[in-house]
Amino acid sequence: MLEKREKKERRVGLPELKNAVKGKVVLRFAPNPNGSLSFGHARGIVINGEYAKEWDGELILRFDDTDTVVKPPLPQAYEDIPKEAEWLLGYAPHRIVIASDRIPHYYEHAEQMLQEGFGYVCQCSGEAFKVFRVEKTECPCRPNSPDHNMDLWGKMLDGTFKPGDAVVRVKTDMTLKNPALRDWPALRMQDTANHPHPRPGVGSTYRVWPLLDFQSAVEDHLQGVTHIIRGKDLMDSTRKQTLLYAHFGWSYPETMYWGRVKVHEWGGFSTSQMRRDIEAGAFTGWDDPRLPTLQALKRRGITSEALRAFWVELGVTQKDISVPLSALFSHNTKQIDDDAPRLAFIRTPVEVHLAGDHPAQVEVDVHPNHASMGKRTFTFEPATVWLEEEDMAKGNLRLKGFADLEIEKQSATVASIERSDQRPIVHWLSETQSCEATLIVAKDGEIVEHKGRMERHDYPEGTMVQLERIGYGRVLDATTILFSHS
RNA sequence: GCUCGUAUAGUGUAGUGGCCCAUCAUGAAGGACUCUCAUUCCUUCGACCCGGGUUCAAAUCCCGGUACGAGCACCA
């Protein structure tokens with residue numbers, strides 16, 4: 001029989017995947033390519049991707065681009081998303097499927113549905129059908145014969161019907177307890193003459209398009225998906241799709257759901273809204289550091305490892321949660337601190353002449369814990385240093401790694417090279433080894449550019465550095481740092 | 001309104017009837033190290049939504065309540 005575990009051990013990582021067979025697991029992540037990937041999308045990629053890795057399975061990246069009117073696809077997204085996904089995953093998705101390339105497959109299944117009588121063409125308006133749904137009564141189109149349905153289907157396809165005239169429904173049961181499940185719509189018509197699909201070769205080719213629940217269900221089956229892990233807002237989708245699977249004689253994949261996540265600092269955001277704002281010029285692009293997109297996070301210096309650790313830690317609970325950005329940042333600090341060279345950045349620089357005796361130059365570590373990263377050299381010819389205005393107000397100071405200073409108004413005298421008392425330790429810059437620089441900080445939806453002086457360096461763009469006593473940042477160029485987090 | 005789901009420390013999470021006066025992380029406070037308000041290390045703080053029930057035993061099962069969220073689109 002079952003033996004009790006000796007001790008309860010804390011589970012680490014993701015929960016067990018039910019009915020998973022090593023090497024046979026197929027998962028998918030299916031965004032709408034109507035914009036770049038956001039922080040929220042990352043959860044889908046990370047969770048599905050980590051399971052695929054754990055089980056030597058496959059991860060499908062599927063573009064659910066079946067709406068050309070309400071959420072029209074963005075051509076650029078077809079190029080960006082695979083790159084963003086690969087960056088985040090650490091590997092390229094094993095398969096890429098584009099729904100708009102596969103319309104004939106969906107038609108084929110729609111026709112099977114009509115011919116076998118578990119689907120019908122409904123000519124009721126949305127309003128009219130709503131009444132049937134609420135009253136648990138059948139609409140007059142429901143009893144149509146397969147032949148009649150095929151005839152109406154032909155009229156949808158050839159344009160005799162216009163968008164809004166007809167829709168294909170899956171026959172479930174109008175008395176089902178859950179109103180969401182009653183004879184749900186599977187395919188509808190779209191005005192692709194005025195709203196062509198942006199992908200070349202697709203354009204205005206099709207008038208009839210599948211809706212998410214149908215397209216996704218058929219495609220999951222076609223692709224052999226074994227496990228679906230998605231937001232719990234799609235729970236009713238699972239129920240609708242399970243009903244459809246039963247009609248086709250298929251068995252539905254294992255499912256798991258996660259709840260809603262809000263980030264304290266960001267609140268709600270939608271891809272469509274971001275797209276409008278970017279197009280209106282409110283943001284510089286999808287990588288604008290104010291935006292909660294993967295591109296922006298990457299640009300700010302958040303590593304994919306940190307993002308993965310963050311999402312794995314949240315797991316796949318169905319709770320609706322609200323997390324502070326600091327949770328992500330603490331993962332990031334762990335990732336970058338060991339490799340981040342230290343640099344001084346003086347925010348409100350005050351120029352101070354040094355009086356008194358002192359060496360001609362001084363050397364300090366590039367990284368306090370890693371001598372192998374080398375030394376930084378500061379020279380005092382001229383004998384001028386830059387200090388933060390705020391620090392100057394504190395009185396006598398210890399220049400980190402250099403000397404004790406007696407501060408008298410705007411003048412400073414070197415009192416001791418050795419640390420002689422508990423005066424505050426501050427960061428500083430020598431005249432020769434510094435230059436004017438900008439620290440860009442994105443906070444509360446605003447971008448603030450702090451002009452100051454920064455230590456000269458030749459780190460390439462993209463290097464993560466730690467600005468002493470300020471926080472981490474990413475090198476944009478020799479005189480610009482994009483603030484990451486403290 | 002109907003339907004579905006969730007409820008453990010400030011935050012996030014472990015826990016599927018006894019090992020739990022509850023795990024881990026983060027956070028906060030204090031300390032060690034350090035010539036950074038960093039890193040690392042140590043200590044401390046802090047929670048099972050409420051009410052019933054089942055049981056020798058409940059965070060864990062059942063019922064009710066409450067709170068929050070989602071679906072009921074010819075969006076995804």
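Order of the sequence lines fixes the chain letters, A, B, ..., with proteins taken first and strands second; residue numbering starts at 1 for each chain.
- Smallest separation of non-hydrogen atoms from A:Phe63 and A:Pro33: CD2-CB, 3.6 Å.
- Partner of A:Asp236 under the salt bridge (Lys or Arg N to Asp or Glu O under 4.0 Å) criterion, out of A:Arg239, A:Lys232, A:Lys240: A:Arg239 alone.
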(message) Let's test your reading of the pairing rules: Watson-Crick or G-U wobble, both distances under 3.5 Å, then write RNA chain B as a dot-bracket string with ( ), [ ], | and dots.
(response) (((((((..(((.....[.....)))((((((.......))))))...(((((..]....))))))))))))....

(message) Return a single string for nucleotides 24-30 of chain B, one symbol per nucleotide in 5' to 3' order, where B is base contact, S is sugar-phosphate-only contact and - is none, cutoff 4.0 angstrom on heavy atoms.
(response) BSS----

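- Atoms CD (A:Gln241) and C1' (B:rG71) sit 13 Å apart, rounded to a whole Å.
- A:Glu50 has a carboxylate O that lies under 4.0 Å from a charged side-chain N of A:Arg308, or vice versa, which qualifies the two as a salt bridge.
- For A:Arg11 and B:rU23, a side-chain-to-base donor-acceptor distance below 3.5 Å is absent, hydrogens and geometry of angles not being considered.
- A salt bridge links A:Glu388 with A:Arg347: the distance from a Lys NZ or Arg NE/NH1/NH2 to an Asp or Glu carboxylate oxygen falls below 4.0 Å.
- Each of A:Glu418 and A:Gly315 lies near RNA chain B, and the nucleotide nearest A:Gly315 is the one positioned closer to the 5' end.
- Side-chain nitrogen and oxygen atoms of A:Arg188 include at least one within less than 4.0 Å of the OP1 or OP2 phosphate oxygen of B:rA76.
- A donor-acceptor contact closer than 3.5 angstrom links the side chains of A:Arg95 and A:Gln223.
- A donor-acceptor contact shorter than 3.5 Å links the side chain of A:Thr293 to the backbone of A:Trp286.
- Not one side-chain nitrogen or oxygen of A:Lys232 sits closer than 4.0 Å to the OP1 or OP2 atom of B:rU6.
- For A:Arg469 and B:rA38, a side-chain-to-base donor-acceptor distance below 3.5 Å is absent, hydrogens and geometry of angles not being considered.
- Between A:Arg182 and A:Glu135 no salt bridge is recorded (no basic side-chain N to carboxylate O distance below 4.0 Å).
- No hydrogens or angles were tested; on distance alone, nothing pairs the side chain of A:Gln466 with the base of B:rU39 as donor and acceptor under 3.5 Å.
- In this model, the phosphate group of B:rU13 is approached by a side-chain N or O of A:Lys319 to a distance below 4.0 Å at OP1 or OP2.
- Residues A:Arg376 and A:Glu363 are not paired through a salt bridge, judged by the lack of any N-O separation under 4.0 Å between the basic side chain and the carboxylate.
- Residue-level contact check: A:Thr317 touches the backbone only, with heavy atoms under 4.0 Å from sugar-phosphate atoms and none from bases.
- Among the protein residues, A:Ser322 comes within range of the sugar-phosphate backbone only, with heavy atoms under 4.0 Å from sugar or phosphate atoms but none that close to a base.
- Nearest-nucleotide positions on RNA chain B for A:His427 and A:Val316 put A:Val316 closer to the 5' end.
- Using a 4.0 Å heavy-atom cutoff across all strands shown, A:Leu211 reaches sugar-phosphate atoms only and no base atom.
- At the phosphate of B:rA76, OP1 or OP2 sits under 4.0 Å from a side-chain N or O atom of A:Thr66.
- By the 4.0 Å N-to-carboxylate-O rule, A:Asp165 lies too far from A:Arg188 to be salt-bridged with it.
- The cationic group of A:Arg199 lies under 6.0 Å from the six-membered ring centre of A:Tyr78 and within 45° of the ring axis, placing it in a cation-pi geometry.
- Closest non-hydrogen pair, A:Ser430 versus A:Phe380, comes out as CB-CE2, 4.3 Å.
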Look for any protein N or O under 3.5 Å of an N or O in nucleotides 31-33 of chain B and output each such pair with its distance, or none.
none

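- Remark: the A:Asn369 side chain and the B:rU39 base include a donor-acceptor N/O pair separated by less than 3.5 Å.
- Note on A:Lys177: only backbone sugar-phosphate atoms sit closer than 4.0 angstrom, heavy atoms only; bases stay farther off.
- A:Asp391 has a carboxylate O that lies under 4.0 Å from a charged side-chain N of A:Lys394, or vice versa, which qualifies the two as a salt bridge.
- B:rG18 sits 6 Å from B:rA57 when the C1' atoms are compared, rounded to a whole Å.
- Backbone-only engagement by A:Ile321 is indicated by non-hydrogen atom pairs under 4.0 Å involving sugar-phosphate atoms exclusively.
- Straight-line distance from the NE2 atom of A:His264 to the C1' atom of B:rG12: 13 Å, rounded to whole Å.
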